[in-house]
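The block underneath contains the structure these notes are about, expressed in structure tokens.
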Amino acid sequence: MPKTLKITEIASDPSMNIVMDTLALGKQALVFVNTKRSAEKVAEDISKKIKEENNELDKLAEEAGKAVSRPTKQCERLALCLKKGIAFHHAGLAHKQKSLVEEHFRKGSIKIICATPTLAFGLDLPAYRVIVRDLHRYSQHGLAWIPILEVHQMFGRAGRPSFDNEGQALCIAATPVEKEKITERYLKGLPEDIFSKLAVEPVLRTYLLSLISSGFVSTHEQAVSFFGKTFWAHQYKDMEKLEGIIDKMLSLLEEWEFIMGPSDDFQSADSLDDAKYQPTALGKRVSELYIDPYTAHFMLSRLQEASSKKIELFALLHVISRTLELRPLLRARTKDFDKIQEYLLRYGNSLFEEEPSMYDPEYEEYMDSVKTSIMFDEWIHEKGEDYLLETYNIRPGELNAKMDVADWLLYSMSELVRFQHYPAMLKEILKLRFRLRYGVQEELLPLVRLENIGRIRARKLYSNGLKDLAAVRKADITKLTQLLGKNIALNIKKQVDGEIKEVVPGKRKGQISLEDY
DNA sequence: GGACGGTGAAACTTCAGGTTGCCTC
DNA sequence: GAAGTTTCACCGTCC
């Protein structure tokens, strides 16, 4: 049974009052809001109302503030909140910051987390109180109620079984009418139906190729029967239409030379029904890479045209920025157009896709893809996280996620190019992948091979005349200590002395071998 | 009179998240 | 659609 809570009003904002009340009780709370910016703002507002600080929190704040190579405004903001035992949590935080916040909330040193829905899914972070401040979220059709399923997930964070006998989940209503609406929708209402993700073409063609490539499905009938048993078919109902979609996918995969179809096999087969689909070597690889077959086809067909051109890394960045996997892209705004034009002027001729006309419906997305490529380009020219946040409004966590996908796409691209026997291209792709991973210019590549040497330290070494491993090996230990501190100096000295070869395999997870190029 | 700071209204701007793909010692 | 941020005009204060 819901009971009535008496909350003292200190501020005009009800969620703030509930938070302060929770703190007075000595309990913890999660506040859910609908944007990253709001999460930060609310956390900041709360922290301003808190007086006490302590040593442990100071240390935590310092650690979180230094989580990326060049602290951003976001890092400073988080650090200020943490000093008061308050935190915000969203996908824009660096990985380390997220886990710090989670860990210290569990330990109890952080009292309040203001979060976007990230925190509602997956993570087991219970709190005495859950405050769902925002129940609307911007969507393409204007503001919309957030899904019931999602709100229930948030509610589910309330109450810590091992600490409390109860948990409280609260929504904020501005008017009695709204209160009624919220009760109907989120307390009495049933969660939405779940829809199969297979219904989306990219997902479908990826699975189809994988089924054929693994030998699980080899005829048209088998494919139809397999998908006929899925949840997707169950929801879709119209088997005829479904069969049509599968047919279309099969012929596309065949056209792209990822599978060999019955038509190729017709002579040897007794009848059309016996004719089998078989994966090509290329198709098998595409399936293993787990990229959308369309993406694979797109990359291959673009790069094929390239043999006559000089290969620009920017053009490769642009190819990956045009794929489905890299979406959502950065949005090109009016203020970005000068920079975009500048890049198009410089690289336009070497790009694999021409700029569409301004009236082309594709135009906007093309501009977005160029802007995204520029962001990557600035990263491999050693621009810092702080700069990228200011310029592209991309936070460290989001940047990381994008880089991950880009790395995977470049790896896939390099694997596909092997089928085209095009060594010059392969070399450029590998170089780009390496540069993107470390965010460095080409000249620093030898140095970042060392453990504990990232973009910042590598640049430091380089600008002090230590331009490659041989130079580092010859360098005086006092000079190295001056540049990098004692521990790291000793450490890299150990690495370069004699056994450079060993350094490469032993490095971090996900290492790319330089021997490749 | 000018520098400075505070205030508030109006004009802009921007809007959740993510999982798996691959490599490898 | 609304929250958050930026911009700008306006006013009061102080030197």
Side-chain angles (χ1 to χ4, degrees), chain A residues 13 15 32-45 73 77 88-93 95 98 114-123 132-147 149-151 153-154 172 174 197 200 202-203 206-207 209-210 213 284-293 295-296 320 323-328 330-336 390 392-395 397-398 400-402 404-416 418 429-430 433-434 437 451 501-516:
Chain A
D13 173 14
S15 51
F32 286 107
V33 295
N34 62 4
T35 65
K36 296 195 262 289
R37 217 159 42 169
S38 292
E40 294 178 20
K41 169 95 174 9
V42 175
E44 198 173 33
D45 286 349
K73 270 189 182 158
R77 219 169 169 190
F88 52 85
H89 189 289
H90 53 58
L93 289 188
H95 192 75
K98 267 194 236 172
C114 305
T116 55
T118 5
L119 216 59
F121 293 94
L123 269 172
V132 185
R133 192 197 69 172
D134 300 332
L135 289 166
H136 296 273
R137 184 157 51 226
Y138 175 81
S139 72
Q140 284 179 328
H141 327 284
L143 229 54
W145 290 99
I146 59 180
L149 214 56
E150 208 174 300
V151 175
Q153 282 287 343
M154 298 177 189
I172 312 281
K197 285 196 173 170
V200 195
V203 182
T206 305
Y207 278 107
L209 179 59
S210 133
S213 145
K284 263 199 152 138
R285 195 71 191 112
V286 169
S287 168
E288 282 163 9
L289 293 166
Y290 213 78
I291 51 174
D292 179 358
T295 297
I320 61 169
T323 66
L324 217 58
E325 282 85 348
L326 210 74
R327 286 184 196 177
L330 299 181
R331 282 187 55 194
R333 319 242 168 224
T334 341
K335 62 176 177 170
D336 302 317
E390 300 292 311
Y392 298 99
N393 196 19
I394 186 165
R395 299 170 167 83
E398 299 162 309
N400 253 329
K402 277 269 173 288
D404 252 18
V405 178
D407 184 60
W408 162 47
L409 285 170
L410 284 174
Y411 173 74
S412 302
M413 196 195 267
S414 72
E415 288 295 292
L416 295 177
R418 287 179 204 272
I429 297 171
L430 290 170
R433 189 175 171 217
F434 217 102
R437 175 162 296 184
E451 202 178 327
K501 281 265 171 208
E502 302 247 319
V503 172
V504 175
K507 213 180 165 175
R508 296 159 224 174
K509 209 178 152 225
Q511 167 79 38
I512 320 158
S513 171
L514 259 183
E515 318 299 324
D516 282 356

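Keep in mind that what you see is a predicted model, and the values were worked out from it rather than measured. Note on naming: letters A, B, ... go to the chains in the order of the sequence lines (proteins, then strands), and numbering restarts at 1 for each one.
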Could you tell me the separation between the [atom1] atom of [X] and the [atom2] atom of [N], rounded to a whole number of Å?
| X | N | atom1 | atom2 | result |
| --- | --- | --- | --- | --- |
| A/Glu325 | B/dG17 | CD | P | 21 Å |
| A/Met413 | B/dC23 | CE | C1' | 17 Å |
| A/Arg37 | C/dT6 | CZ | C1' | 11 Å |
| A/Ile394 | B/dG17 | CD1 | P | 12 Å |
| A/Glu40 | B/dT14 | CD | C1' | 13 Å |

Base, sugar-phosphate alone, or nothing: which one does A/Arg333 contact when heavy atoms must sit under 4.0 Å apart? sugar-phosphate

What is the nucleic acid contact for A/Pro328, judged by heavy atoms within less than 4.0 Å: base, sugar-phosphate only, or nothing? base

More 5' along DNA chain B: A/Lys36 or A/Glu415, using each one's nearest nucleotide? A/Lys36

Can you work out whether A/Arg395 or A/Ser287 has the more 5'-proximal nearest nucleotide on DNA chain B? A/Arg395

Under 3.5 Å, which protein N or O atoms sit close to an N or O of nucleotides 7-11 of chain B? Give each pair with its distance.
none

Heavy-atom count around A/Arg331 CZ within 6.0 Å, excluding the residue itself: above 12? no

I need the single residue from A/Lys73, A/Arg395, A/His89 that forms a side chain to side chain contact (heavy atoms under 4.5 Å, CB included) with A/Glu40. Which is it? A/Arg395

